[in-house]
Amino acid sequence: MRDVIRDTWFATSMFVVAIVGTGVALGWMDPSGAWINVAIVMLVTMPTWWWLIGRQNNARPVRGAFAGALCAALTLLVPIVFTIRAIMVHGWGQGDGFVGILAFVGMLIVAIPIGAAVGTITILLQRRWFASRRRGEGVRMR
């Protein structure tokens, strides 16, 4: 478990800032309820990143882009599952379900490229940081 946390904390932090920050800035998320989205991002990103990146000794930026896009899509999919459940229980009467699904598609169009970019940047930063730590140099601030 320690390896999972050690290898995913940075990526999880990057995704929390990118996804929740973008969602709040674009008005997709209520700032007062953003902590729920932080929890969702953490619950999705940690196992996904570990499964695709954390177990690899030297992951490439393309793999990071794929993992980032997948993390972003899965993070947005979790609330939609609850929306679909509400549609199944209450029916289409209020129209919220259709609007929610359209909003989901719109968010995916924005979130997947952002997730891919965050994944790529995260891999590049991790490679540089962990490479310098392996050589015993530590992280240098310039």
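A distance of 12.0 Å separates CD1 in Ile114 from CD1 in Ile109, rounded to the nearest 0.5 Å. Note: Trp51 CH2 to Thr8 OG1 = 15.5 Å, rounded to the nearest 0.5 Å. Distance check: Phe66 CZ to Ile112 CD1 gives 10.5 Å after rounding to the nearest 0.5 Å. Between Leu43 atom CG and Leu74 atom CG the span is 12.0 Å, to the nearest 0.5 Å. Atom CG of Leu76 sits about 5.5 Å away from atom CG of Leu108, to the nearest 0.5 Å.
Minimum interatomic distance between Gly64 and Trp49 (heavy atoms only, all atoms of both residues): O-CZ3, 4.1 Å. Heavy atoms only, all atoms of each residue included: Ala72 and Gly115 are closest at CB-CA, 3.9 Å. Annotation for Thr122 and Val118: closest pair OG1-O, 2.6 Å, computed over non-hydrogen atoms. Here the closest non-hydrogen pair linking Val44 and Cys71 is CG1-O, 3.9 Å. Of all the heavy atoms in Pro61 and Arg127, the pair that sits closest is CD-NH1, 3.5 Å. A pairwise comparison of heavy atoms in Val24 and Pro31 identifies CG1-CG, 3.9 Å as the closest pair.
Clustering ILVMFWY residues whenever any of their side-chain heavy atoms sit less than 4.5 angstrom apart, transitively, puts Val16 in the very cluster that holds Leu77. Residues Phe15 and Ile36 share a single hydrophobic cluster, defined by chaining ILVMFWY side chains whose heavy atoms lie under 4.5 Å apart. One hydrophobic cluster, built from ILVMFWY side chains closer than 4.5 Å, cannot hold both Ile53 and Leu124; they sit in different ones. Hydrophobic clustering of Ile, Leu, Val, Met, Phe, Trp and Tyr side chains at less than 4.5 Å, counting indirect connections, keeps Phe10 apart from Val17. Val62 and Ile121 fall into different hydrophobic clusters, where Ile, Leu, Val, Met, Phe, Trp and Tyr are joined by side-chain heavy atoms under 4.5 Å apart, directly or via other members.
A donor-acceptor pair under 3.5 Å links the side-chain atoms of Arg63 to the main chain of Leu52, judged by distance alone.
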Query raised in the report: So Arg60 and Ile123, side chain to side chain contact (heavy atoms under 4.5 Å, CB included) or not? Walk me through it.
Result: CA-CA 7 Å; Arg60 305 266 185 242; Ile123 286 292; over 6 Å; no
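Partner of Val20 under the side-chain contact (heavy atoms from CB on, under 4.5 Å) criterion, chosen from Asn37, Ile40, Thr75: Asn37.
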